[in-house]
Amino acid sequence: MFERVVTLCIAAGFVGAKGFAIDASLIATDANACRSVPGSEWSHDINPEATRAVADYLANLDDPAWGAASEVIPKFVAPADPAAQWTSALRDAAFFAYANNYLIDVEHGIIMDVEATRAIRQAEVGATETMIERTELRFGIKPEWLVADTAYGSADNLGWLVEEKDIAPHILVIDKSKRDDGTFSREDFVYDAERDCYVCPAGADLPTNGRLRDDNAYAYLASVNDCLTCPLKSQCCPKSPQRKITRSVHEAARDVARAIAKTEANETSRRLRKKVEMLFAHLKRILRLDRLRLRGPGGAQFEFTMAATAQNLRRLARLTARAPPTIVSASVTSA
Ligand code: SF4
């Protein structure tokens, strides 16, 4: 039903297919926090009456949107709905939630895809790939650009968008290389692509040792001799004998995102991103979907998809509605 409504929106010309926006919103689950157990003590055998939700949880253990999203044992588990995530991301008091992910076309705010995931960032960001691939497969539409908040600015996500999908990322880069202690940040070093090395502010080379690290980055090291005799050492690496810089394998994609961030088009797209936030606000305040009625990943996906269908139908009706013909009142006619 959801796909039929999107197809209607496309046929009516309400999908621009140029710019998409993506975001996630947390929706509380039907799980009682008082009956939760510490994650380290929970086992799927301890609550046999919650069969469907537990079976749904077990069936999705290897799914990157669910069990495989993180190996960290959650602080608390709701035995009635073990796939729900204990989170304090929204409120003062923590609660059990699922993440509702929307991919929208920014022209008229049509929801192109919807995906329920665990309420953790890795799963939400991972939904980018799922929803963009599915939209391309189902409707033959791939956006030219995608806007999202900084949470989506990981090197892997930007690399996938730019290198594999040729989609321009209007997303701020997550960059942990900036230093705030007054010493040089990585941006003070110039990358020489031809020689594959960085050049430091003192003019020395930092070649790579060629070993790929666990974080998908290469290390570039200055020579100890250069650093020990360098007049800039106190501004560069005061606590170590030599300076080290890391460079992601997706650094070229990160550079594309950095360049887009400086353009006027990026200002426009950031304003358009608000449309997805407005859809979530409408979902919670008007459709009153601030708490799920169904349990398990399947239940969450069903409710989120139904709600997205209703929102698209409402948008379609508003975009196609004609004003009713003016009715001339009897008194005016008789006059
Ligand atoms: S300390 Fe080393 S890396 Fe830093 S500026 Fe001096 S020579 Fe270059």
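All ligand and atom numbering here is 1-based and tracks the order in the structure.
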Next on the checklist: Using 2.8 Å as the threshold, say whether any N, O or S atom from C227 sits that close to atom 2 (Fe) of ligand 1.
Outcome noted: yes
Next on the checklist: Among all protein heavy atoms in this structure, tell me which lies nearest to atom 8 (Fe) of ligand 1, with the distance rounded to 0.1 Å.
Outcome noted: C200 SG, 2.4 Å
Item to check | E3 with R138: basic N within carboxylate O range, under 4.0 Å | outcome: yes
Checklist entry - Are E129 and K165 within salt-bridge range, i.e. N to O under 4.0 Å? => result no
Checklist entry - Got the closest protein heavy atom to atom 6 (Fe) of ligand 1, with its distance? => result C230 SG, 2.3 Å
Next on the checklist: I'd like to check which ligand 1 atoms, numbered from 1 as shown, lie under 4.0 Å from a non-hydrogen atom of R243.
Outcome noted: 3 (S)
Checklist outcome for this item: Within 4.0 Å of some non-hydrogen atom of A222, the atoms of ligand 1 are 3 (S)
Next on the checklist: I'd like to know if R271 pairs up with E267 as an ion pair, taking the criterion as any Lys NZ or Arg NE/NH1/NH2 lying under 4.0 Å from an Asp or Glu carboxylate oxygen.
Outcome noted: no
Next on the checklist: Any carboxylate oxygen within less than 4.0 angstrom of a Lys/Arg side-chain nitrogen, looking at R186 and E251?
Outcome noted: yes
Next on the checklist: Please list the nearest protein heavy atom to atom 4 (Fe) of ligand 1 with its residue and the distance rounded to 0.1 Å.
Outcome noted: C236 SG, 2.4 Å
Checklist entry - Could R247 and Y191 be counted as a cation-pi pair, given that NZ or CZ must be under 6.0 Å from the ring centre and within 45° of the axis? => result yes
